[in-house]
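First comes the structure, then the notes that go with it.
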Amino acid sequence: MKSHAKAVVIGGGVVGCSVLYHLARAGWSDVMLIERSELTSGSSWHAAGGFHTLNGDPNVAKLQAYTVQLYREIEEISGQPCGLHLTGGVMLADSPERMDFLRLAHAKGRYLGMETELITPSEAKSMFPLMDERHFVGAMWDPVEGHLDPSGTTHAYAKAARKLGADIVLRNRVTELTQALDGTWKVVTEQGTVEAEHVVNCGGLWAREVGRMAGLELPLLAMEHMYLLTEPMPEVEAFNRETGREMIGVIDFKGEIYTRQERNGILLGTYEKAAKPWSPRQTPWDFGHELLEPDIDRIAPSLEVGFRHFPALENAGIKQVINGPFTFAPDGNPLVGPVQGLTNYWVACAVMAGFSQGGGVGLALANWMVEGDPGFDVWGMDVARFGEWASLRYTNAKVRENYSRRFSIRFPNEELPAARPAQTTPLYDIMVRDNNAVMGDSWGLETPLWFAPKGTEPNDIVSFHRSNDFAPVGQEVRAVRESVGITEIANFAKYEISGTGARAFLDHLMTNRLPKPGRIVLTPMLNEFGKLIGDFTIASRGPKDGADRFMVWGSSAAQIYHMRWFEKHLPRDGTVDIHRFDQTLLGLSLAGPHSRAVLEKCVDVDISKDSKDAFRFMDFREMAVAGAPCMVNRLTYTGDLGYEIWMPPAYQRLVYTALKEAGAEFGIVDFGMRALLSMRLEKNFPTWFRELRPIYGPFEGAMERFVKLDKGDFIGREAAKREEREGPRLRRVSFIVDAEDADVMGDEPIWAKVGDQDFGSVEPPHGYGAPRFDAKGAETTIAGSGIVDGEWRVVGWVTSGGYAHSVEKSMAQGYLPTALSKDESAGLFEIEILGRRRPARVNVEPPFDPEGHRMRS
Ligand SMILES: Cc1cc2nc3c(=O)[nH]c(=O)nc-3n(C[C@H](O)[C@H](O)[C@H](O)COP(=O)(O)OP(=O)(O)OC[C@H]3O[C@@H](n4cnc5c(N)ncnc54)[C@H](O)[C@@H]3O)c2cc1C
């Protein structure tokens, strides 16, 4: 065994072999994979081998599409067949809600260029005669589905990697990882120690243990999973004989069942409600090629439904039941990327669909390691999406919930209950018991979403349509717009960045000029490719002891992601300190035309707008509110006159109570996150991770006001200059939609009546089809714009939307080709909501207070 390698990949399952192949393909031939036993000694060998491209996250769908396309490539290079069967498959809907779900998936597919089709139950039956169509209301056909040979595929990756110069060492367990002061990893194995610049944890069932070797507790858990194989079935043999085709894959959501043909019979797997974790704390090292004891009772409820829906199965003999473990992260997506706080420790684990996702995961990680960037938007599987709250217990509860809901509908207004409440603020009891709040989970923190009328149950009625929150949220919004309201904003990310080097550090990272002491700026942050990787509010606290101090607020979900970026660029000379507050600094937002009058009653300083040291829009002050030491920003996300007030947790109750008392004479209301998001819509404000993501440039995102190309150098400046010079291809726009009882949710296609006019290349950056996944990524060629209906064409996609209550309009934001982005003509656009195309009109100026008088008042 070699004693040095540029990178050591730990684990020879399908994911480790894919990572190794992609590293070698990217030109790193000095890479080594170390496997404890033989290749596929974890979950890979007993997989059912199914693959598909559909995924709730379009970016993950793109990676799945890439994975499927890759199989021909690795077969060719390795000479090892993957045993591909591209059969296509149907998803069966048993209820109108499930049909809405399929309509949504189909609509998303339109702009991704997917060729899915909505079909009737009898059309589905003609494709899959084993079903009893009376149990279903409709179905969706997807041609890019199938199955393969899991072991052959893993070996194909491995052989292809070897051909490109990679090393594979078998029967050699990694027992320890230590890092020297210069960052070199010592990978201690049964056969000796290897020194490596990078280590990659592809430990699969043992990824937790390989994480613990570096002091990490990775949020993943293995679950037992069963599928059964029938004896040969005459119905299957007859179908094959008569059509000359193999049977297609089927997902029956009601039965939580998936099926496909295996030899002359059927393979049937379940995601049963009675989900069972395997080895919840520690995976035994001596587990290998054995299977777990089948437990038919556990899957009996699913089988009963299956026998009803597919009667021929009831008479089929069961040849074998496979029960094997495989791993999941709390939300079911993989954990990929560099781990914040560690240098050159990478993970590619919790890949629950290794044969749909393994190729994309390998590509993303190899791009990241070789080029410093995954090359496209991998947020949905970035290991940084979980914080320290994702403990072993949290993971156990969430993974069980996720597994048992794998085939359940997740409604857009649905909050899932497992592992909650975890973190709460001191206002939790007041919100829940006194104010009847419906709470949501915001990055592990309980946050008020809306307030149910007294005497009613504080619960969402889950739906794709407007629901029981519609009227109360409307009241909250109107109360803020007409008088004053208060909400918790503890869920924002907050940092203090200080030190003699703080100004230079932030100036190099951010696109806007930094504020003077006592002032605030809004600023995007870009990566080297000029793509948006952050959107912050920055206030200067002024210098102390000769050092600058800045308060920085951003998206809560992105705080580990942003810390990782900050740390990567931190000067090593100790001149910059970064403190992430998390829940040690809490916030309240007070907004509406009477908010100044309310705050005035709680402070002992002059905050009027006309005094000598007026407290103006975008000012920052430190002041006592109700006697509590607070930092106050004169701005809010409502776009109204208002304040964000930040305090240590011990004071939050005091400040909240004082503001409520002071606001009583104005009829102050509590408002929740849903009202806040509704108010931002009517101001055309974007949100992070919806409108603003690492696939868009700042000009595409209509953020140019905050990009100062002449301020001096900053990361991404050259690329941003190019974007400005060449003009953005796409543009973020706002729409008013002629909706009825359902608003957009995000990812709907935008149609335009444009005939065959050419708008240049306007495909979604997270496209589908034949993406050009080279190491620099970003560019894709394809897709949705090819979808035509007479003079109508899919020209863009929705990022988010909802109902803007004070202007009483259904609104959406999304991306269009720049040439169309200012055309406010009626009759030009339609947005597809739940399968129906609704008229929509571009709305360049925000419908609420377009001049911004209110927030400046
Ligand atoms: C019953 C069942 C059905 C499934 N069906 C499908 C399906 O239809 N489609 C699909 O896409 N997926 C399916 N899966 C899931 C699929 O198997 C996993 O997504 C995939 O195997 C994950 O691969 P991996 O490489 O991450 O992990 P693993 O396959 O677990 O590989 C990890 C490897 O790392 C090695 N290792 C760990 N620690 C060390 C160490 N310290 N030193 C050296 N080596 C180490 C292990 O020996 C092992 O070989 C199924 C799984 C099961 C159990």
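Atoms within each ligand, like the ligands themselves, are counted from 1 in listed order. Because the structure is predicted, anything quoted here is derived from the model rather than measured.
Comment: K319 does not engage E231 in a salt bridge, judged by the lack of any side-chain N to carboxylate O separation of less than 4.0 angstrom. Looking at R564 and D382, a side-chain N of the basic residue comes within less than 4.0 Å of a carboxylate O on the acidic one, giving a salt bridge. A salt bridge links R385 with D331; the closest basic N to acidic carboxylate O contact falls under 4.0 Å.
For ligand 1, the polar-atom distance check finds an N/O of V14 within less than 3.5 Å of one of the ligand's N/O atoms. On a distance-only criterion, S44 and ligand 1 share at least one N/O pair closer than 3.5 Å. The N/O atoms of S43, backbone and side chain alike, include one that comes under 3.5 Å of an N/O atom in ligand 1. For ligand 1, none of its N or O atoms has an N or O atom of V210 under 3.5 Å away. Between L205 and ligand 1, a contact under 3.5 Å exists for at least one N or O pair.
When ring centroids are compared, F253 and F101 come within the 6.0 Å threshold. Note: F310 and F128 meet the aromatic proximity criterion, with ring centroids under 6.0 Å apart.
Y271 and Y403 have tilted rings, their planes meeting at an angle from 30° to 60° on a 0 to 90° scale.
Assignment of P325 to the shell around ligand 1 is supported, since a heavy atom sits closer than 4.0 Å. Every heavy atom of W45 sits 4.0 Å or more from the atoms of ligand 1. Within the structure, ligand 1 has Y227 among the residues with a heavy atom less than 4.0 angstrom away.
Here C202 has backbone heavy atoms under 4.0 Å from ligand 1, and that is the only part of it that gets that close.
Around atom NZ of K125, more than 12 heavy atoms belonging to other residues, nucleotides or ligands sit under 6.0 Å away. The 12-atom threshold is exceeded at CZ of R410, counting heavy atoms of other residues, nucleotides or ligands nearer than 6.0 Å.
The closest heavy-atom contact to atom 6 (C) of ligand 1, among the options G42, A48, G203, S356, comes from A48. Evaluated by nearest non-hydrogen atom to atom 2 (C) of ligand 1, the leading choice among H225, R173, H52 is H225. Considering each of G50, A47, S18, the one bringing a non-hydrogen atom nearest atom 50 (C) of ligand 1 is A47. By heavy-atom distance, the residue among F328, W206, F355, F326 lying nearest atom 51 (C) of ligand 1 is F326. Of the listed residues (M213, R36, E35), the one carrying the non-hydrogen atom nearest atom 48 (C) of ligand 1 is E35.
Distance from atom 42 (N) of ligand 1 to its nearest protein heavy atom, with residue and atom name: V174 N, 3.0 Å. Looking from atom 26 (O) of ligand 1 to the surrounding protein, the closest heavy atom is V15 CG2, 3.3 Å.
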